[in-house]
Asks: 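If you scroll down you'll find the structure; I have some questions about it.
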Amino acid sequence: MHDGWYYVVTREKVFRIRQEGDELFYEGASDNFIRHFFGFDEDYAAIKKQLKKDAVLADAIKQYPGLRIIKQDPWECTVFFLCSQFSNIKKIKRNLDLIAEKFGKEIIFKGKKFFTFPPPGAINDLKKLKKCSVGFRAKYILAVNNAVSDEFFARLRKLSYIEAKEELMKLPGIGEKVADCILLFSLDFTESFPVDVWMERVMKENYAVTLPLRKMSFFGREKWGKLAGYAQQWLYHWKRLHKNP
DNA sequence: ATCCAGGAATTTT
DNA sequence: AAAATTCATGGA
């Protein structure tokens, strides 16, 4: 955030965006990119109407009506969640900033310096990677970096949710939760329902679900279908920020 | 100082 | 098959 603009770097792209009232201004990205990135073609009014039938979600949506799922770059999203295990969001962001500095390209946009995120295959130096304070996750990042490509992620989009998830979970460091996050946040599988410690708390405290963590993801998909991912985001956000009712 | 953080792999019951 | 342990690092 600077001078009223939000600067966004995603993979090799940098753009800035600003809202005035109900008008949106942006520079550095095409209309189509912006539409997909923010999901402006998705009918959020209809999604919210449907999810509000659930009492807990009704409260979450009331408190955070503007919440959206941003469509991230699949590879960058993968590295993010490879870094996520046993860590926290602030530190993960720092990990990705360091990776961009050491492996990405410097670009100047509107007189400001940014670093692009390196493409698959470019994170090929274990020593440099270790300096990004990713710790024991370095071996996973390196292995996945060598195993995937942009084409790999493009192929996943054509598979079913189950098939795509199985493919992701073959990769080292990617379990059920990380796979679900990649599918939801970057590959348009809106039925994905990632379950982490926070979602486990929501399920137990607000839905009286005591299934093993592994089966909670299935529970969410059964309950909300193609809208499970949206439900997950509202519940997750609500549980993290909202004081317990 | 001690504890914990958007989990997954490995080892032990 | 399920439960416990281990895995680096930084911030509170």
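Note that the structure is predicted; figures quoted are calculated from it, not measured. Here is the naming used below: chain letters follow the sequence lines, and residue numbers restart at 1 for every chain.
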Asks: Does A:Asn88 or A:Val178 map to a spot on DNA chain B nearer the 5' end, using the closest nucleotide for each?
Replies: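 Taking each residue's closest nucleotide, the earlier one in sequence belongs to A:Asn88.
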
Asks: Just the rounded figure in Å: distance from P of B:dG6 to CD of A:Gln233.
Replies: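 Result: 14 Å.
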
Asks: Among the nucleotides C:dG10, B:dG6, B:dG7, which one has an atom lying closest to any side-chain atom of A:Gln85?
Replies: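 Nearest listed nucleotide: B:dG7.
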
Asks: How many Å lie between CZ on A:Phe193 and P on B:dG6, as a whole number?
Replies: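 Checked: the CZ to P distance equals 17 Å.
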
Asks: What is the nucleic acid contact for A:Arg94, judged by heavy atoms within less than 4.0 Å: base, sugar-phosphate only, or nothing?
Replies: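 Answer is sugar-phosphate: A:Arg94 comes under 4.0 Å of backbone atoms only.
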
Asks: Quick one: is A:Arg240 getting a side-chain N or O under 4.0 Å of the B:dG6 phosphate, OP1 or OP2?
Replies: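 The answer is yes; a side-chain N or O of A:Arg240 sits under 4.0 Å from OP1 or OP2.
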
Asks: Could you state the atom-to-atom distance from CZ of A:Arg137 to P of C:dT9 in whole Å?
Replies: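 It is 9 Å, rounded to the nearest whole Å.
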
Asks: Quick one: A:Lys139 NZ to C:dT9 P, roughly how many Å, whole number?
Replies: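 Rounding to the nearest Å, NZ of A:Lys139 and P of C:dT9 are 11 Å apart.
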
Asks: Tell me: CG of A:Asp196 to C1' of B:dC4, nearest whole Å?
Replies: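 Result: 15 Å.
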
Asks: Salt bridge check: are A:Lys239 and A:Glu205 linked by an N-O gap of less than 4.0 Å?
Replies: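 Looking at A:Lys239 and A:Glu205, the cut-off is met.
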
Asks: Counting side-chain heavy atoms from C-beta on, which of B:dG6, B:dA5, C:dT9 comes nearest to A:Lys91?
Replies: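 Between B:dG6, B:dA5, C:dT9, the one nearest the side chain of A:Lys91 would be C:dT9.
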
Asks: For the base of B:dG6 and the side-chain ring of A:Phe81, does the geometry meet a stacking cutoff of under 5.5 Å between centres and under 30° between planes?
Replies: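 One would not call A:Phe81 stacked on the B:dG6 base.
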
Asks: Can you tell me how far C1' of B:dG6 sits from CD1 of A:Ile182, to the nearest Å?
Replies: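 For the pair A:Ile182 CD1 and B:dG6 C1', the rounded distance is 13 Å.
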
Asks: Closest-nucleotide mapping onto DNA chain C: is A:Lys90 or A:Ser87 further toward the 5' terminus? I mean the 5' end.
Replies: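 Nearest nucleotide further toward 5': that of A:Ser87.
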
Asks: When you compare C:dA3 with B:dG6, how far apart are their P atoms, in angstrom units rounded to a whole number?
Replies: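 To the nearest whole Å, 24 Å.
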
Asks: Counting only N and O atoms by type, is there a donor-acceptor contact under 3.5 Å from the side chain of A:Asp3 to the main-chain atoms of A:Trp5?
Replies: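 It does not hold such a pair.
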
Asks: Strictly under 3.5 Å: I want the nitrogen or oxygen pairs between protein and nucleotides 9-12 of chain B, one per line.
Replies:
{"from": "B:dA9", "atom 1": "OP1", "to": "A:Gly173", "atom 2": "N", "distance (Å)": "2.9"}

Asks: Check the side chains of A:Tyr140 and A:Gln85 for a donor-acceptor pair under 3.5 angstrom, ignoring hydrogens and angles.
Replies: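 Side chains of A:Gln85 and A:Tyr140: no pair found under 3.5 Å.
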
Asks: Under 3.5 Å, side chain of A:Ser160 to main-chain N/O of A:Glu163, donor-acceptor pair present?
Replies: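 Side chain of A:Ser160 to backbone of A:Glu163, a donor-acceptor pair under 3.5 Å: yes, one is there.
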
Asks: Under 4.0 angstrom, heavy atoms only, what part of the nucleic acid is A:Glu200 near: base, sugar-phosphate, or nothing?
Replies: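 No contact.
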
Asks: Take the protein atom NZ of A:Lys130 and the nucleotide atom C1' of C:dC7, then report the distance between them rounded to whole Å.
Replies: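 Distance check: A:Lys130 NZ to C:dC7 C1' gives 11 Å.
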
Asks: Would you verify whether the NZ or CZ of A:Arg221 falls within 45 degrees of the ring axis of A:Phe193 while also being under 6.0 Å from that six-membered ring's centre?
Replies: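 Output no; distance or angle outside limits.
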
Asks: Between the main-chain N or O of A:Cys132 and the side-chain N or O of A:Asn95, is there a donor-acceptor pair closer than 3.5 Å?
Replies: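 Flag set: sc A:Asn95 to bb A:Cys132 pair under 3.5 Å.
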
Asks: Do the side chains of A:Glu166 and A:Lys170 get close enough for a salt bridge, i.e. N-O under 4.0 angstrom?
Replies: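 Answer for the salt bridge query: no.
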
Asks: Taking atom P in both C:dG10 and B:dA8, compute the distance separating them and give it to the nearest angstrom.
Replies: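 To the nearest whole Å, 22 Å.
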
Asks: Could you tell me how far apart A:Leu98 (CG) and C:dG10 (C1') are, to the nearest whole angstrom?
Replies: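 From A:Leu98 CG to C:dG10 C1': 12 Å.
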
Asks: For A:Lys226, does its backbone N or O pair with a side-chain atom of A:Thr190 as donor and acceptor, under 3.5 Å?
Replies: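 At least one qualifying donor-acceptor pair exists.
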
